[in-house]
Protein chains: 2
Amino acid sequence: MVMNRKCIIRLSRYKNALKRLKALGFVKVFSGNLADAAGVTSSQVRKDFSLFGITGNRRGGYRVDELVVKISQILGKNELQKVVIVGVGHIGNALLRYKGFEAGGIKIVAAFDIDPSKYTKAAEVPVLPLEEFRRFIQEHQIKIGILAVPDVAAHHVSEIMISAGIKGILNFAPIQLRAADEVIIGNINLEVELENLIYFVNAQDKADPAMVLADDE
Amino acid sequence: MVMNRKCIIRLSRYKNALKRLKALGFVKVFSGNLADAAGVTSSQVRKDFSLFGITGNRRGGYRVDELVVKISQILGKNELQKVVIVGVGHIGNALLRYKGFEAGGIKIVAAFDIDPSKYTKAAEVPVLPLEEFRRFIQEHQIKIGILAVPDVAAHHVSEIMISAGIKGILNFAPIQLRAADEVIIGNINLEVELENLIYFVNAQDKADPAMVLADDE
DNA sequence: TTTTTTTTGACATTTATTTCACAACAAATG
DNA sequence: CATTTGTTGTGAAATAAATGTCAAAAAAAA
């Protein structure tokens with residue numbers, strides 16, 4: 001099992017690139033094509049593939065269809081992934097309405113909040129009271145949750161999520177969530193991202209090669 | 001000039017940790033304290049600091065106040081950083097209303113869209129027609145923009161931004177934006193983030209050490 | 001003042017990641 | 001069928017990043 005985050009991110013990128021290439025009519029691709037599309041070297045593409053046991057044909061490259069299936073398998077995307085959101089403030093609400101997930105096999109199935117004025121139990125994606133969280137998670141066997149509550153509540157709410165059985169949290173609160181055992185935490189900190197950008201833009205004034213910040217990274 | 005993104009991210013983390021420690025009444029800290037707060041080793045903290053020429057006192061550790069000032073300097077945060085948003089959909093709107101930036105010296109000064117029904121020219125943070133983008137950017141000397149338009153528009157709009165003088169783009173559209181010369185691009189791709197989480201949660205079922213996904217990278 | 005204690009700062013070591021280089025191979029060509 | 005061509009797959013080399021170690025420094029204690 002490959003446990004290198006950068007590598008997994010690249011895999012996601014390859015998959016996205018493949019979808020675009022497929023839309024353009026590509027039936028097979030070479031490592032170099034994917035490298036260009038994903039902004040890496042062709043060696044890296046082949047190395048990544050070999051790490052996951054993905055093989056192509058010498059001289060023939062890779063079949064786009066097969067590649068998409070294999071990568072999706074590795075990323076666990078061949079079955080629909082159900083995800084919940086906790087915290088229906090501005091960010092939570094935006095994510096709730098974000099249309100980009102469905103195409104990628106990710107479905108937001110419910111959101112939770114403590115503010116009764118936000119409850120919409122009958123909606124297609126219902127907003128439910130946080131008290132119902134545990135029951136819902138266990139009933140629907142949900143493993144992934146997005147945390148979008150204010151920073152002061154984040155740690156407390158994350159504990160509720162974990163105790164209910166959530167195994168992976170994507171945290172938007174601007175605090176560094178401490179990882180409990182067996183739970184994976186991904187942090188998206190907007191201020192940190194902007195600070196990064198500011199640093200490198202300022203640095204640009206002194207040095208100058210163009211660059212794309214990796215995720216990562 | 002340090003060009004290692006992970007290192008800069010850690011610097012942001014140290015700064016956040018320092019703010020919390022300061023709120024708790026800390027006057028000085030040791031590398032070990034910061035390491036704990038940021039989830040790294042003390043060697044790493046000292047290494048990072050030495051990279052940026054930040055020094056402390058042997059036995060005395062580091063003064064919290066000085067450290068915050070120095071790190072803020074490095075991150076270019078001692079003056080207010082003005083940022084604009086392009087695209088006032090769900091995500092753009094959420095960012096527009098996000099309160100977390102101001103404390104960190106980042107100010108959203110305007111947003112832009114092509115939909116007249118969204119214009120609010122008189123608001124504290126106005127939403128303006130995209131046609132006014134160039135004039136506004138040049139008048140206010142803005143370097144950083146957040147791109148939150150639908151994917152099909154992202155590339156086109158990024159070119160408008162760059163030609164108007166924007167030097168750093170934080171891209172929320174789910175495409176890999178190609179970096180034009182002298183422009184820094186940071187990508188936040190929600191689907192990629194979730195895919196990562198899904199992968200590692202699935203992996204967890206087989207192997208088991210607890211983990212926090214680093215940014216970075 | 002001297003000794004002890006504690007922590008930094010620098011460097012050495014280890015570990016991880018990326019790139020290089022090329023043999024092995026499959027398709028295309030003659 | 002042999003030869004040429006172009007691409008993969010991989011082990012070795014290079015590069016980058018993190019960690020460990022300890023002398024030197026500074027504060028505190030004796």
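None of the values given here were measured: they were computed from a predicted structure. First the proteins, then the strands, lettered A, B, ... as listed; each starts at 1. Just so you know, these numbers use all the heavy atoms, side chains as well, and skip hydrogens, waters and symmetry mates.
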Establish, with yes or no, whether the OP1 or OP2 oxygen of D:dA17 is under 4.0 angstrom from a side-chain nitrogen or oxygen of B:Gln44. no
Report the residue (A:Gly60 or A:Lys47) whose heavy-atom-nearest nucleotide on DNA chain D is the more 5′ of the two. A:Gly60
Given B:Arg97 and B:Asn93, is the side chain to side chain donor-acceptor pair (under 3.5 Å) satisfied, shown in steps? CA-CA 6 Å; B:Arg97 285 167 166 63; B:Asn93 204 43; 2.9 Å; yes
Short side-chain N/O contact to D:dA18 OP1/OP2 from B:Thr41, under 4.0 Å: no
Both distances below 3.5 Å, Watson-Crick or wobble geometry, any strand: find the nucleotide opposite D:dA30. C:dT1
Checking all strands, does A:Ser43 fall into the base, sugar-phosphate, or nothing category for heavy-atom contacts under 4.0 angstrom? base
Report which part of the nucleic acid B:Ser42 touches: base, sugar-phosphate, or nothing (heavy-atom distance under 4.0 Å, all strands). nothing
Length of the line joining A:Ile54:CD1 and D:dG9:C1', which is rounded to integer Å: 13 Å
Here the distance between atom P of D:dG9 and atom OH of A:Tyr62, to the nearest Å, is 4 Å
Would the base of C:dG9 count as contacting B:Ser50 through its side chain, where contact means a donor and an acceptor less than 3.5 Å apart? no
Atom-pair distance (CD1 on A:Ile8; P on C:dT17), nearest Å: 11 Å
Ion pair present between B:Lys28 and B:Glu66, side-chain N to carboxylate O less than 4.0 angstrom? no
Hey, is A:Glu195 close enough to B:Arg13 for a salt bridge, meaning N to O under 4.0 Å? no
Proximal nucleotide (of C:dT6, C:dT8, D:dG9) relative to the A:Thr55 side chain: D:dG9
Spell out yes or no: do the side chain of B:Arg58 and the base of C:dT8 have one donor N/O and one acceptor N/O closer than 3.5 Å? yes
Which part of the nucleic acid does B:Gly61 contact within heavy-atom distance under 4.0 Å: base, sugar-phosphate only, or nothing? sugar-phosphate
Using a 4.0 Å heavy-atom cut-off, does B:Phe49 contact any base of the nucleic acid, only the sugar-phosphate backbone, or nothing at all? nothing
B:Phe30 CZ to D:dA25 P, in whole Å, measures 19 Å
In whole angstroms, how far is the P atom of D:dT10 from the CG atom of A:Leu51? 11 Å
Can you confirm whether the side chains of A:Tyr62 and A:Asn57 place a donor and an acceptor under 3.5 Å from each other? no
Return the value, rounded to whole Å, for the distance between atom CE of A:Met3 and atom P of C:dT17. 13 Å
What is the distance, rounded to the nearest whole Å, between atom CG of B:Asp48 and atom C1' of C:dT8? 15 Å
Residue whose nearest DNA chain C nucleotide is more 5′ - A:Arg10 or A:Arg46: A:Arg10
Are the charged groups of B:Arg5 and A:Glu193 less than 4.0 angstrom apart, N to O? yes
The nucleotide from C:dC11, C:dA27, D:dA17 with an atom nearest the side chain of B:Asn4 is D:dA17
Nearest-Å distance for atom pair CZ/P, residues A:Arg63 and C:dA27: 12 Å
If you measure from CD1 on B:Ile184 to CD1 on A:Ile198, what distance do you get to the nearest 0.5 Å? 12.5 Å
